Amino acid sequence: RKEVEQDPGPFNVPEGATVAFNCTYSNSASQSFFWYRQDCRKEPKLLMSVYSSGNEDGRFTAQLNRASQYISLLIRDSKLSDSATYLCVGAIGGGYNKLIFGAGTRLAVHP
Amino acid sequence: GAVVSQHPSWVICKSGTSVKIECRSLDFQATTMFWYRQFPKQSLMLMATSNEGSKATYEQGVEKDKFLINHASLTLSTLTVTSAHPEDSSFYICSARGDIDTQYFGPGTRLTVL
C-alpha cells in the first residue's frame with residue numbers, strides 16, 4: 001500500500017466550479033501535511049500547509065483528520081490557471097525533514 | 001522566497017556514460033539537501049538526503065554506488081548517475097532546506113538515456 005494515496009483524476013471542471021480533492025495516508029508517524037501544486041514538467045511548489053483545525057488561503061481550504069488519516073483540499077471558484085497536478089504530502093520527522101509525496105491528482109479547468 | 005537552481009535543466013546521454021547534476025541554493029545556506037526522482041505519472045520519490053560535510057543517507061532500494069552524492073559546500077550538492085541506462089531516464093529534482101526548516105525545490109533536471 002502506498003504511504004500517501006490520491007485519486008489520480010483527472011478532474012475536468014468548468015471555470016467557477018468548486019472541486020474537492022481527497023488524500024489518505026498510512027504512516028501514523030507523519031507529523032505535518034501539505035498540498036503542493038505541480039505544473040507539467042516543473043518542480044512542485046508549496047500551496048499550503050494542512051492543519052487539524054482547517055486552514056484557508058483565499059479560494060483554497062485544507063483540512064486534516066488525524067483520526068481517519070484523511071486530508072482534503074477544496075478549491076472554490078476555479079480559475080483556468082488552477083489547472084495543474086495537486087500533490088498531497090506528508091512529512092516525517094517534524095517540519096520538512098522527510099517528505100512523502102502522493103502521486104497527485106490532475107485538475108483541468110476549462111472555459 | 002529562497003531560490004534553488006539545478007544544472008543542467010535537461011540532458012541526453014548514451015547508455016553507459018555518467019551524468020552529473022548540480023543543485024545550488026542561491027541566496028541561503030543549506031546544510032541539508034534532498035534528491036528526488038519522478039517517473040511519468042508517478043509521485044516524487046526521495047532518493048537520498050545529502051548533508052554538508054558528511055555521507056549521504058540513501059533510501060531503501062537506491063544504489064549508493066550508482067547514484068553518487070557529494071555535498072561539499074553549504075550551497076552545492078551534486079548527484080552523479082554512473083553508468084546510466086535507459087531505465088534511469090527520469091526527472092531528477094533537488095530541494096534544499098533553509099533555516100526555517102522549509103524545503104525549497106529546484107526546477108528539476110530531465111535525464112534521457114539512449
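Numbers restart at 1 for each chain; the letters A, B, ... are given by sequence-line order, proteins then strands. Values in this document were obtained by computation on a predicted structure and should not be read as measured data.
With a 4.5 Å cut-off on non-hydrogen atoms, B:Ile93 touches chain A through its side chain but not through its backbone. Both the backbone and the side chain of A:Arg41 have a heavy atom closer than 4.5 Å to some heavy atom of chain B. Of the two parts of A:Gln6, neither the backbone nor the side chain holds a non-hydrogen atom closer than 4.5 Å to a non-hydrogen atom of chain B.
Shortest non-hydrogen contact noted between A:Leu99 and B:Tyr36 is CB-OH, 3.6 Å. Shortest non-hydrogen contact noted between A:Gly102 and B:Ser43 is O-CB, 3.1 Å.
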Practice problem: Go through the steps to decide whether A:Glu43 and B:Val4 satisfy the test side chain to side chain contact (heavy atoms under 4.5 Å, CB included), and finish with yes or no. | Solution: CA-CA 11 Å; A:Glu43 76 277 20; B:Val4 175; over 6 Å; no
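Taking hydrophobic clusters as Ile, Leu, Val, Met, Phe, Trp and Tyr residues chained together by side-chain heavy-atom distances below 4.5 Å, B:Ile69 does not share a cluster with B:Met33. Placement of A:Phe33 and A:Phe60 within a single hydrophobic cluster is found when ILVMFWY residues are connected by side-chain heavy-atom separations under 4.5 Å, directly or transitively. At a threshold of 4.5 Å between side-chain heavy atoms, the hydrophobic network of Ile, Leu, Val, Met, Phe, Trp and Tyr places A:Trp35 and A:Phe11 in one connected group. Note: the hydrophobic cluster containing A:Val50 also contains A:Leu73 (ILVMFWY, side chain heavy atoms under 4.5 Å, direct or indirect links). B:Leu46 and B:Trp35 fall into different hydrophobic clusters, where Ile, Leu, Val, Met, Phe, Trp and Tyr are joined by side-chain heavy atoms under 4.5 Å apart, directly or via other members.
Chain A is approached within less than 4.5 Å, heavy atom to heavy atom, by B:Phe105, B:Gly106, B:Pro107, B:Arg110 from residues 105-114 of chain B, ordered by number. Residues of residues 74-92 of chain B having a heavy atom under 4.5 Å from any heavy atom of chain A, listed by number: B:Phe91. Of residues 6-16 of chain B, no residue lies under 4.5 Å from chain A by any heavy-atom pair.
Side-chain atoms of B:Lys41 and A:Arg106, non-hydrogen and from C-beta on, never get closer than 4.5 Å to each other. The shortest distance between side-chain heavy atoms of A:Leu46 and B:Gln103 does not fall below 4.5 Å.
No more than 12 heavy atoms of other residues, nucleotides or ligands shown are found within 6.0 angstrom of NZ on B:Lys64. Counting non-hydrogen atoms of neighbouring residues, nucleotides and ligands closer than 6.0 angstrom, the CE atom of B:Met45 reaches no more than 12 such neighbours.
Remark: A:Lys98 NZ to B:Thr57 OG1 distance equals 10.0 Å, nearest 0.5 Å.
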Acceptor/donor pairs from residues 12-21 of chain A side chains to any protein atom, 3.5 angstrom cut, sequence neighbours excluded:
none

